[in-house]
Amino acid sequence: GTLTQGANSTLNIAAASVTPTLDALSNTPNTVNFNRANTQTVKSTTYDNLTLSAGNTKTLAGAATVNSTLTIAASTTLADGGFTLTAQAGVVNGGTHSGVGKISLTGGSGSHSLTGTGAYGNLELNDVNGASIASGTSTVNGTLTLTSGALSSDGGALTMGNSAAISRAAGSLSSLTPTFGTSVNVTYNDVNATTTGAEIPVSTTVLNNLTNNNAAGVILNVNATLKG
């Protein structure tokens, strides 16, 4: 059967997994909150607002989409299971995202916002409307993929974890200089000539690998030192 949420309702799920078909889009706004104080499987579907709370690890069962706000509460881990979670609006991250999949900021009608002091595994921006870090420090421990749009700061900061990577296509960092860990790998993948930006660290001991897959070329706009 199908479980349909009402407008302005919150569905708290304390079970290990969800069996019924979940309709979270017919009556919005609404929130689904996975709040089991133990491991939990997050249903593969489209949500309006999705909250992961009460600690422990919540694992995606498949690809999922959040049309409004994705919230990862403190002490809570979103394990993506190798799937993509598409966030069409904002992400409030006070916990941890992990896995070989990604959170993709794409879709929706406007720019995306990131708040909180949580960590991401792989994070992608693929929206010409861009995204901003509104508050807190967002940490990327895997790959930050700049497919399209500008990632900027609206009061927040960006930290790249040790051995993290930045893959830049048509996207960019705008008025946002990351704090780098011990090393970073940078790759260029656009089809148009790209001028380097803040993805290149100023430090001479951080840039580990620089890869150019851009047939149109990369224009080096700053000094770059490969630590090898």
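Positions are given from 1 along the sequence.
- For residues 147-169, the set of pairs meeting the salt bridge (Lys or Arg N to Asp or Glu O under 4.0 Å) definition, not counting sequence neighbours, comprises Arg168-Glu199.
- Annotation: the span from Asn213 atom CG to Ser167 atom OG amounts to 8.0 Å, rounded to 0.5 Å.
- Residues satisfying the side chain to side chain contact (heavy atoms under 4.5 Å, CB included) test with Thr204, not counting sequence neighbours, are Thr225.
- The two residues Val184 and Pro201 come nearest to each other via the heavy atoms CG1-CG, 3.9 Å.
- Annotation: salt bridge (Lys or Arg N to Asp or Glu O under 4.0 Å) contacts involving residues 176-192, sequence neighbours excluded, are absent.
- Nearest heavy atom pair, residue Val100 against residue Gly82, reads CG2-CA, 3.8 Å.
- In this structure Leu220 satisfies the side chain to side chain contact (heavy atoms under 4.5 Å, CB included) test together with Thr196, Ala224, sequence neighbours excluded.
- In this view, Thr65 satisfies the side chain to side chain donor-acceptor pair (under 3.5 Å) rule with no residue, not counting sequence neighbours.
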Determine whether Leu114 and Ser132 satisfy the following criterion, side chain to side chain contact (heavy atoms under 4.5 Å, CB included), listing intermediate values before the conclusion. CA-CA 6 Å; Leu114 302 177; Ser132 66; over 6 Å; no
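- Considering OG of Ser163 and CZ of Phe180, their distance stands at 13.0 Å, rounded to 0.5 Å.
- Hydrophobic cluster membership differs between Leu85 and Leu25, with clusters built from Ile, Leu, Val, Met, Phe, Trp and Tyr side chains linked at under 4.5 angstrom.
- Sequence neighbours left out, not one pair with a member in residues 81-93 passes side chain to side chain donor-acceptor pair (under 3.5 Å).
- At least one side-chain heavy atom of Leu151 sits under 4.5 Å from a side-chain heavy atom of Leu144.
- With 3.5 Å as the limit, one finds a donor-acceptor pair spanning the side chains of Thr205 and Ser203.
- Residue Ala134 comes nearest to Thr115 through the heavy atom pair CB-CG2, 3.7 Å, listed as atom of the first residue, atom of the second, then distance.
- Just one of Leu60, Thr96, Leu50 meets the side-chain contact (heavy atoms from CB on, under 4.5 Å) condition when paired with Leu78; it is Leu60.
- For the atom pair CG (Leu123) and CG (Leu105), the distance works out to 5.0 Å, reported to the nearest 0.5 Å.
- Contact detail for Ala24 and Thr46: the closest heavy-atom pair is CB-O, 3.9 Å.
- Checking side-chain atoms of Asn185 against main-chain N and O of Asn209 turns up a donor-acceptor pair under 3.5 Å.
- Applying the side chain to side chain donor-acceptor pair (under 3.5 Å) criterion to Thr137, with sequence neighbours excluded, gives no partner residue.
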For residues 67-76, which side-chain N or O atoms pair as donor and acceptor with protein atoms under 3.5 Å away, sequence neighbours left out?
from  : atom 1 : to    : atom 2 : distance (Å)
Ser68 : OG     : Asp48 : OD1    : 2.6
Thr76 : OG1    : Gly55 : N      : 2.9
Thr76 : OG1    : Ala74 : O      : 3.4

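- When side chains are defined from C-beta on, Val91 counts as touching Tyr120, because their heavy atoms get closer than 4.5 Å.
- In the hydrophobic cluster analysis, where Ile, Leu, Val, Met, Phe, Trp and Tyr join through side-chain heavy atoms closer than 4.5 angstrom, Ile13 is grouped together with Leu3.
- Counting only N and O atoms by type, the side chains of His112 and Asn129 include no donor and acceptor under 3.5 Å apart.
- Every pair tested for salt bridge (Lys or Arg N to Asp or Glu O under 4.0 Å) that includes a residue from residues 11-30 fails, sequence neighbours excluded, so the list is empty.
- Looking only at distances, no side-chain donor or acceptor of Lys43 sits under 3.5 Å from a matching main-chain atom of Gly62.
- For the pair Thr182 and Val206, the minimum side-chain heavy-atom distance is 4.5 Å or more.
- Distance alone, capped at 3.5 Å, is enough to place a donor-acceptor pair between the Thr194 side chain and the Asn192 backbone.
- Val92 and Leu158 fall into different hydrophobic clusters, where Ile, Leu, Val, Met, Phe, Trp and Tyr residues are linked whenever their side-chain heavy atoms come under 4.5 Å apart, directly or through other members.
- In terms of heavy-atom proximity, Ser44 sits nearest to Ala63 at OG-O, 2.5 Å.
- Linking Ile, Leu, Val, Met, Phe, Trp and Tyr whenever their side-chain heavy atoms come within less than 4.5 Å puts Tyr188 and Leu226 in one cluster.
- The distance from the OG1 atom of Thr51 to the CG atom of Leu11 is 11.0 Å, given to the nearest 0.5 Å.
- In plain terms, the two heavy atoms of Met160 and Ile166 that are nearest each other are CE-CG1, 3.7 Å.
- Residues passing the side chain to side chain contact (heavy atoms under 4.5 Å, CB included) test with Thr57, sequence neighbours excluded: Thr59, Thr77, Ala79.
- Sorted by first and then second residue, the salt bridge (Lys or Arg N to Asp or Glu O under 4.0 Å) pairs involving residues 110-139 (not counting sequence neighbours) are Lys102-Glu124.
- To the nearest 0.5 Å, atoms CG (Asn122) and OG1 (Thr143) are separated by 5.0 Å.
- At a threshold of 4.5 Å between non-hydrogen side-chain atoms, the residues Tyr47 and Leu22 count as touching.
- Scanning for side chain to side chain donor-acceptor pair (under 3.5 Å) contacts around Asn27 gives an empty result, with sequence neighbours left out.
- Within a 6.0 Å sphere centred on CG of Asn223, other residues, nucleotides and ligands contribute 12 heavy atoms or fewer.
- Remark: side-chain polar atoms of Thr28 are not paired, donor with acceptor, to backbone N or O of Asn30 under 3.5 angstrom.
- Expressed to the nearest 0.5 Å, how far CG of Asn162 lies from OG1 of Thr159 amounts to 10.5 Å.
- Between the Asn126 side chain and the Thr147 main chain, no donor and acceptor come within less than 3.5 Å of each other.
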